[in-house]
2 protein chains.
Amino acid sequence: MSEKLTSSLEDYLEAICVFIKKNSTVRAIDIARILNVSRASTTEALKKLSEKGLINYGRYDAISLTKNGEELAELIIEKHNSLYEFFAKVLGSSHDEAQENACKIEHIISPDAMRRIVAFTNYYSKKYGDEFVKKIDL
Amino acid sequence: MSEKLTSSLEDYLEAICVFIKKNSTVRAIDIARILNVSRASTTEALKKLSEKGLINYGRYDAISLTKNGEELAELIIEKHNSLYEFFAKVLGSSHDEAQENACKIEHIISPDAMRRIVAFTNYYSKKYGDEFVKKIDL
DNA sequence: ACATATTGTTAGGATAGACTAACATTACTA
DNA sequence: TAGTAATGTTAGTCTATCCTAACAATATGT
(Lines give C-alpha, C1' and ligand atoms only; values in the text may rest on other atoms or scores of the structure.)
Protein backbone atom coordinates (compact mmCIF):
# COMPACT_ATOMS: atom_id res chain seq x y z
CA MET A 1 0.00 0.00 0.00
CA SER A 2 2.49 2.65 1.06
CA GLU A 3 5.33 2.18 -1.42
CA LYS A 4 7.54 5.21 -1.50
CA LEU A 5 6.67 7.93 -3.99
CA THR A 6 9.09 9.34 -6.52
CA SER A 7 10.19 12.96 -6.09
CA SER A 8 7.97 13.91 -8.97
CA LEU A 9 4.84 12.34 -7.52
CA GLU A 10 5.61 13.89 -4.15
CA ASP A 11 5.65 17.26 -5.89
CA TYR A 12 2.25 16.67 -7.44
CA LEU A 13 0.77 15.48 -4.15
CA GLU A 14 2.21 18.41 -2.26
CA ALA A 15 0.95 20.91 -4.83
CA ILE A 16 -2.53 19.43 -4.67
CA CYS A 17 -2.63 19.69 -0.90
CA VAL A 18 -1.31 23.23 -0.75
CA PHE A 19 -3.71 24.39 -3.44
CA ILE A 20 -6.75 22.78 -1.82
CA LYS A 21 -5.93 24.42 1.49
CA LYS A 22 -5.99 27.82 -0.15
CA ASN A 23 -8.82 27.37 -2.62
CA SER A 24 -10.80 24.36 -1.41
CA THR A 25 -10.64 22.78 -4.88
CA VAL A 26 -8.00 21.99 -7.49
CA ARG A 27 -8.12 21.33 -11.17
CA ALA A 28 -5.46 19.56 -13.19
CA ILE A 29 -4.56 22.78 -14.89
CA ASP A 30 -3.83 24.48 -11.56
CA ILE A 31 -1.28 21.80 -10.78
CA ALA A 32 0.16 21.97 -14.27
CA ARG A 33 0.73 25.69 -13.86
CA ILE A 34 2.25 25.41 -10.40
CA LEU A 35 4.66 22.67 -11.39
CA ASN A 36 5.33 24.04 -14.85
CA VAL A 37 4.38 20.88 -16.67
CA SER A 38 1.87 20.07 -19.39
CA ARG A 39 -1.73 19.13 -18.72
CA ALA A 40 -0.92 15.73 -20.16
CA SER A 41 1.81 15.10 -17.61
CA THR A 42 -0.56 16.12 -14.87
CA THR A 43 -3.24 13.70 -16.01
CA GLU A 44 -0.68 10.93 -15.93
CA ALA A 45 0.48 11.84 -12.43
CA LEU A 46 -3.11 12.04 -11.18
CA LYS A 47 -3.73 8.53 -12.43
CA LYS A 48 -0.73 7.24 -10.57
CA LEU A 49 -1.61 9.00 -7.33
CA SER A 50 -5.11 7.64 -7.66
CA GLU A 51 -3.84 4.08 -8.20
CA LYS A 52 -1.79 4.43 -5.05
CA GLY A 53 -4.86 5.45 -3.12
CA LEU A 54 -3.63 8.94 -2.35
CA ILE A 55 -6.23 10.96 -4.22
CA ASN A 56 -9.83 10.46 -5.29
CA TYR A 57 -10.00 11.01 -8.97
CA GLY A 58 -11.73 9.78 -12.12
CA ARG A 59 -12.01 10.95 -15.71
CA TYR A 60 -13.22 14.55 -15.81
CA ASP A 61 -13.82 14.35 -12.08
CA ALA A 62 -13.02 16.61 -9.17
CA ILE A 63 -9.76 15.93 -7.37
CA SER A 64 -9.55 15.38 -3.63
CA LEU A 65 -7.10 13.86 -1.21
CA THR A 66 -7.79 10.60 0.55
CA LYS A 67 -6.97 10.22 4.23
CA ASN A 68 -3.65 8.58 3.34
CA GLY A 69 -2.94 11.17 0.70
CA GLU A 70 -3.53 14.02 3.08
CA GLU A 71 -1.35 12.51 5.77
CA LEU A 72 1.48 11.96 3.36
CA ALA A 73 1.11 15.42 1.85
CA GLU A 74 1.25 16.96 5.31
CA LEU A 75 4.49 15.18 6.03
CA ILE A 76 6.04 16.47 2.85
CA ILE A 77 4.82 20.00 3.47
CA GLU A 78 6.16 19.87 7.00
CA LYS A 79 9.56 18.88 5.68
CA HIS A 80 9.37 21.62 3.11
CA ASN A 81 8.52 24.24 5.69
CA SER A 82 11.22 23.14 8.07
CA LEU A 83 13.82 23.26 5.34
CA TYR A 84 12.54 26.64 4.24
CA GLU A 85 12.95 27.94 7.79
CA PHE A 86 16.43 26.58 7.99
CA PHE A 87 17.57 28.16 4.75
CA ALA A 88 15.79 31.45 5.30
CA LYS A 89 16.29 31.98 9.02
CA VAL A 90 19.47 30.16 9.83
CA LEU A 91 21.43 30.58 6.62
CA GLY A 92 19.80 33.81 5.58
CA SER A 93 18.88 32.76 2.05
CA SER A 94 16.39 34.86 0.11
CA HIS A 95 12.79 33.72 -0.04
CA ASP A 96 13.17 32.28 -3.52
CA GLU A 97 16.47 30.58 -2.80
CA ALA A 98 15.09 29.04 0.37
CA GLN A 99 12.00 27.81 -1.49
CA GLU A 100 13.99 26.30 -4.31
CA ASN A 101 16.41 24.44 -2.11
CA ALA A 102 13.65 23.25 0.22
CA CYS A 103 11.67 21.98 -2.79
CA LYS A 104 14.50 19.81 -3.96
CA ILE A 105 15.92 18.62 -0.67
CA GLU A 106 12.59 17.69 0.90
CA HIS A 107 12.45 14.62 -1.34
CA ILE A 108 15.85 13.20 -0.58
CA ILE A 109 16.95 14.09 2.93
CA SER A 110 16.96 11.31 5.51
CA PRO A 111 14.51 11.37 8.42
CA ASP A 112 17.37 11.58 10.89
CA ALA A 113 19.01 14.57 9.19
CA MET A 114 15.61 16.20 8.94
CA ARG A 115 15.11 15.85 12.68
CA ARG A 116 18.50 17.37 13.31
CA ILE A 117 17.80 20.33 11.08
CA VAL A 118 14.52 20.99 12.84
CA ALA A 119 16.13 20.84 16.27
CA PHE A 120 18.93 23.05 15.08
CA THR A 121 16.63 25.65 13.60
CA ASN A 122 14.50 25.76 16.73
CA TYR A 123 17.49 26.11 18.96
CA TYR A 124 18.89 28.98 16.96
CA SER A 125 15.76 30.89 16.29
CA LYS A 126 15.04 30.79 20.00
CA LYS A 127 18.50 31.88 20.89
CA TYR A 128 19.15 34.48 18.23
CA GLY A 129 15.93 35.17 16.40
CA ASP A 130 16.20 36.86 13.04
CA GLU A 131 19.39 38.60 14.00
CA PHE A 132 21.35 35.42 13.88
CA VAL A 133 22.42 35.47 10.29
CA LYS A 134 23.91 38.90 10.54
CA LYS A 135 26.42 37.69 13.07
CA ILE A 136 28.25 35.42 10.67
CA ASP A 137 28.63 37.58 7.64
CA LEU A 138 27.40 35.49 4.74
CA MET B 1 30.77 22.27 -24.25
CA SER B 2 29.87 22.50 -20.58
CA GLU B 3 26.19 21.51 -20.49
CA LYS B 4 25.13 20.59 -16.98
CA LEU B 5 25.47 16.95 -16.01
CA THR B 6 22.65 14.88 -14.58
CA SER B 7 22.95 13.75 -10.97
CA SER B 8 23.73 10.29 -12.18
CA LEU B 9 26.59 11.35 -14.44
CA GLU B 10 27.95 13.54 -11.66
CA ASP B 11 28.04 10.46 -9.47
CA TYR B 12 30.01 8.51 -12.05
CA LEU B 13 32.44 11.34 -12.60
CA GLU B 14 32.94 11.85 -8.89
CA ALA B 15 33.49 8.15 -8.29
CA ILE B 16 36.08 8.00 -11.07
CA CYS B 17 38.00 10.92 -9.63
CA VAL B 18 37.95 9.66 -6.07
CA PHE B 19 39.03 6.20 -7.13
CA ILE B 20 41.87 7.42 -9.31
CA LYS B 21 43.20 9.55 -6.47
CA LYS B 22 43.43 6.49 -4.27
CA ASN B 23 44.51 3.89 -6.77
CA SER B 24 45.88 5.80 -9.75
CA THR B 25 43.68 3.81 -12.15
CA VAL B 26 40.02 2.84 -12.43
CA ARG B 27 38.22 0.11 -14.27
CA ALA B 28 34.55 0.13 -15.17
CA ILE B 29 33.90 -2.61 -12.67
CA ASP B 30 35.32 -0.52 -9.84
CA ILE B 31 32.82 2.20 -10.60
CA ALA B 32 30.03 -0.32 -10.95
CA ARG B 33 30.78 -1.67 -7.48
CA ILE B 34 31.06 1.73 -5.86
CA LEU B 35 27.82 2.99 -7.33
CA ASN B 36 26.02 -0.32 -7.06
CA VAL B 37 25.07 -0.52 -10.69
CA SER B 38 25.67 -3.06 -13.43
CA ARG B 39 28.75 -3.10 -15.65
CA ALA B 40 26.43 -2.34 -18.56
CA SER B 41 25.16 0.84 -16.95
CA THR B 42 28.71 1.89 -16.28
CA THR B 43 29.72 1.39 -19.90
CA GLU B 44 26.85 3.58 -20.96
CA ALA B 45 27.80 6.32 -18.50
CA LEU B 46 31.43 6.19 -19.59
CA LYS B 47 30.38 6.73 -23.18
CA LYS B 48 28.39 9.78 -22.21
CA LEU B 49 31.14 11.28 -20.09
CA SER B 50 33.51 10.68 -22.94
CA GLU B 51 31.20 12.37 -25.46
CA LYS B 52 31.07 15.36 -23.16
CA GLY B 53 34.83 15.53 -23.09
CA LEU B 54 35.14 14.79 -19.39
CA ILE B 55 37.01 11.51 -19.59
CA ASN B 56 39.37 9.83 -22.02
CA TYR B 57 37.93 6.52 -22.88
CA GLY B 58 37.54 4.04 -25.74
CA ARG B 59 36.41 0.45 -26.10
CA TYR B 60 38.39 -1.79 -23.73
CA ASP B 61 40.60 1.17 -22.94
CA ALA B 62 41.96 2.68 -19.75
CA ILE B 63 39.89 5.43 -18.18
CA SER B 64 41.30 8.82 -17.27
CA LEU B 65 39.96 12.26 -16.59
CA THR B 66 40.45 15.14 -18.99
CA LYS B 67 41.36 18.57 -17.68
CA ASN B 68 37.71 19.63 -17.79
CA GLY B 69 36.62 16.39 -16.21
CA GLU B 70 39.02 16.72 -13.36
CA GLU B 71 38.04 20.31 -12.69
CA LEU B 72 34.38 19.45 -12.63
CA ALA B 73 34.96 16.39 -10.48
CA GLU B 74 36.90 18.47 -7.98
CA LEU B 75 34.01 20.90 -7.69
CA ILE B 76 31.59 18.10 -7.00
CA ILE B 77 33.88 16.50 -4.46
CA GLU B 78 34.37 19.83 -2.75
CA LYS B 79 30.64 20.24 -2.42
CA HIS B 80 30.38 16.71 -1.14
CA ASN B 81 33.03 17.25 1.49
CA SER B 82 31.55 20.52 2.65
CA LEU B 83 28.14 18.98 3.01
CA TYR B 84 29.65 16.03 4.83
CA GLU B 85 31.32 18.39 7.28
CA PHE B 86 28.11 20.22 7.85
CA PHE B 87 26.10 17.10 8.57
CA ALA B 88 28.78 15.41 10.62
CA LYS B 89 30.22 18.32 12.57
CA VAL B 90 27.42 20.80 12.83
CA LEU B 91 24.41 18.52 12.96
CA GLY B 92 26.19 15.58 14.53
CA SER B 93 25.05 12.95 12.03
CA SER B 94 26.83 9.60 11.94
CA HIS B 95 29.46 9.05 9.29
CA ASP B 96 27.11 7.02 7.09
CA GLU B 97 24.20 9.40 7.47
CA ALA B 98 26.40 12.38 6.66
CA GLN B 99 27.78 10.60 3.59
CA GLU B 100 24.37 9.61 2.30
CA ASN B 101 22.85 13.03 2.64
CA ALA B 102 25.90 14.75 1.19
CA CYS B 103 25.79 12.36 -1.79
CA LYS B 104 22.27 13.30 -2.65
CA ILE B 105 22.27 16.98 -1.84
CA GLU B 106 25.53 17.79 -3.62
CA HIS B 107 23.73 17.44 -6.96
CA ILE B 108 20.84 19.75 -6.27
CA ILE B 109 21.79 22.47 -3.86
CA SER B 110 22.20 25.98 -5.27
CA PRO B 111 25.62 27.64 -5.35
CA ASP B 112 24.41 30.36 -3.01
CA ALA B 113 23.10 27.95 -0.40
CA MET B 114 26.29 25.96 -0.70
CA ARG B 115 28.35 29.04 0.05
CA ARG B 116 26.23 29.77 3.08
CA ILE B 117 26.62 26.26 4.41
CA VAL B 118 30.37 26.43 4.03
CA ALA B 119 30.56 29.77 5.83
CA PHE B 120 28.28 28.51 8.53
CA THR B 121 30.26 25.34 9.10
CA ASN B 122 33.53 27.24 9.26
CA TYR B 123 32.14 29.75 11.69
CA TYR B 124 30.84 27.09 14.01
CA SER B 125 33.69 24.69 13.90
CA LYS B 126 36.01 27.54 14.76
CA LYS B 127 33.81 28.74 17.54
CA TYR B 128 32.75 25.46 19.08
CA GLY B 129 34.83 22.67 17.55
CA ASP B 130 33.49 19.16 17.93
CA GLU B 131 31.74 20.00 21.16
CA PHE B 132 29.16 22.03 19.39
CA VAL B 133 26.64 19.33 18.67
CA LYS B 134 26.45 18.25 22.27
CA LYS B 135 25.16 21.63 23.29
CA ILE B 136 21.88 21.32 21.45
CA ASP B 137 20.80 17.87 22.38
CA LEU B 138 19.88 16.19 19.12
C1' DA C 1 -29.07 26.76 -26.09
C1' DC C 2 -25.28 27.35 -29.01
C1' DA C 3 -20.78 28.80 -30.27
C1' DT C 4 -16.42 29.43 -28.28
C1' DA C 5 -12.98 29.01 -24.92
C1' DT C 6 -11.11 26.31 -21.45
C1' DT C 7 -9.86 22.19 -19.51
C1' DG C 8 -8.98 17.15 -19.59
C1' DT C 9 -7.56 12.97 -22.03
C1' DT C 10 -5.31 10.06 -25.19
C1' DA C 11 -1.89 8.58 -28.42
C1' DG C 12 2.59 8.62 -29.75
C1' DG C 13 7.31 9.87 -29.08
C1' DA C 14 11.64 11.47 -26.64
C1' DT C 15 15.21 11.14 -22.99
C1' DA C 16 17.54 9.29 -19.06
C1' DG C 17 18.59 5.66 -16.31
C1' DA C 18 18.70 1.13 -15.00
C1' DC C 19 18.53 -3.99 -15.81
C1' DT C 20 19.66 -9.05 -17.78
C1' DA C 21 21.60 -12.14 -20.93
C1' DA C 22 24.68 -13.13 -24.41
C1' DC C 23 28.87 -12.31 -26.39
C1' DA C 24 33.77 -10.20 -26.87
C1' DT C 25 38.00 -9.17 -25.00
C1' DT C 26 41.58 -9.26 -21.72
C1' DA C 27 43.97 -11.18 -17.71
C1' DC C 28 45.47 -14.85 -14.95
C1' DT C 29 47.36 -19.21 -13.94
C1' DA C 30 48.49 -23.96 -14.14
C1' DT D 1 50.31 -21.23 -24.09
C1' DA D 2 45.75 -23.06 -23.43
C1' DG D 3 41.86 -22.78 -20.63
C1' DT D 4 39.31 -20.35 -17.40
C1' DA D 5 38.01 -16.36 -14.91
C1' DA D 6 37.23 -11.63 -14.90
C1' DT D 7 35.92 -7.67 -17.15
C1' DG D 8 33.78 -4.92 -20.91
C1' DT D 9 30.26 -4.38 -24.51
C1' DT D 10 26.05 -4.85 -26.91
C1' DA D 11 21.25 -5.72 -27.67
C1' DG D 12 16.97 -5.61 -25.99
C1' DT D 13 13.76 -4.37 -22.32
C1' DC D 14 11.74 -1.65 -18.57
C1' DT D 15 10.21 2.38 -15.78
C1' DA D 16 9.67 7.15 -14.99
C1' DT D 17 8.95 11.54 -16.71
C1' DC D 18 8.22 14.73 -19.81
C1' DC D 19 6.44 16.57 -24.32
C1' DT D 20 3.13 17.84 -28.51
C1' DA D 21 -0.85 17.34 -31.17
C1' DA D 22 -5.34 15.88 -31.73
C1' DC D 23 -9.54 15.06 -29.79
C1' DA D 24 -13.27 14.98 -25.94
C1' DA D 25 -15.78 17.04 -22.37
C1' DT D 26 -17.13 20.88 -19.77
C1' DA D 27 -17.93 25.79 -18.79
C1' DT D 28 -19.02 30.35 -20.22
C1' DG D 29 -21.11 34.29 -22.35
C1' DT D 30 -24.48 36.26 -25.21
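A note on names: the letters A, B, ... follow the listed sequences, proteins ahead of strands, and every chain is numbered from 1.
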Practice problem: For Ala40(A), answer base if it contacts any base atom (sugar-phosphate contacts may also be present), sugar-phosphate if it contacts only those atoms, and nothing otherwise; contact means non-hydrogen atoms under 4.0 Å. | Solution: base
Practice problem: Verify whether one side chain among Ser110(A) and Glu100(B) offers a donor that lies under 3.5 Å from an acceptor in the other. | Solution: no
Practice problem: Please work out if Arg27(A) contacts a base, only the sugar-phosphate, or nothing of the nucleic acid, heavy-atom cut-off 4.0 Å. | Solution: sugar-phosphate
Self-check item: Shortest non-hydrogen contact from Glu10(B) toward Leu5(B)
Solution: CG-CB, 3.7 Å
Quiz item: Does a side-chain N or O from Tyr60(B) land closer than 4.0 Å to OP1 or OP2 of dA6(D), or not?
Solution: no
Exercise. For Asn36(A), answer base if it contacts any base atom (sugar-phosphate contacts may also be present), sugar-phosphate if it contacts only those atoms, and nothing otherwise; contact means non-hydrogen atoms under 4.0 Å.
Key: sugar-phosphate
Just list the side-chain donor-acceptor pairs under 3.5 Å for residues 26-37 of chain A, sequence neighbours left out, or say none.
residue  : atom : partner  : partner atom : Å
Arg27(A) : NE   : Asp30(A) : OD2          : 3.4
Arg27(A) : NH2  : Asp30(A) : OD1          : 3.0
Asp30(A) : OD2  : Arg27(A) : N            : 2.8

Quiz item: So what does Ser8(B) touch, heavy atoms closer than 4.0 Å: a base, only the sugar-phosphate, or nothing?
Solution: sugar-phosphate
Practice problem: Any chance you could lay out the ring-ring contact (aromatic ring centres under 6.0 Å, His included) test for Phe120(A) and Phe87(B), step after step, and finish with the verdict? | Solution: CA-CA 11 Å; Phe120(A) 196 85; Phe87(B) 281 108; over 10 Å; no
Quiz item: Is there a side-chain polar atom (N or O) of Lys47(A) under 4.0 Å from OP1 or OP2 of dT10(C)?
Solution: yes
Exercise. Assign Ser41(B) to base, sugar-phosphate, or nothing according to its heavy-atom contacts below 4.0 angstrom with the strands shown.
Key: base
Quiz item: CD of Glu44(B) versus P of dA21(C): gap in Å, rounded?
Solution: 17 Å
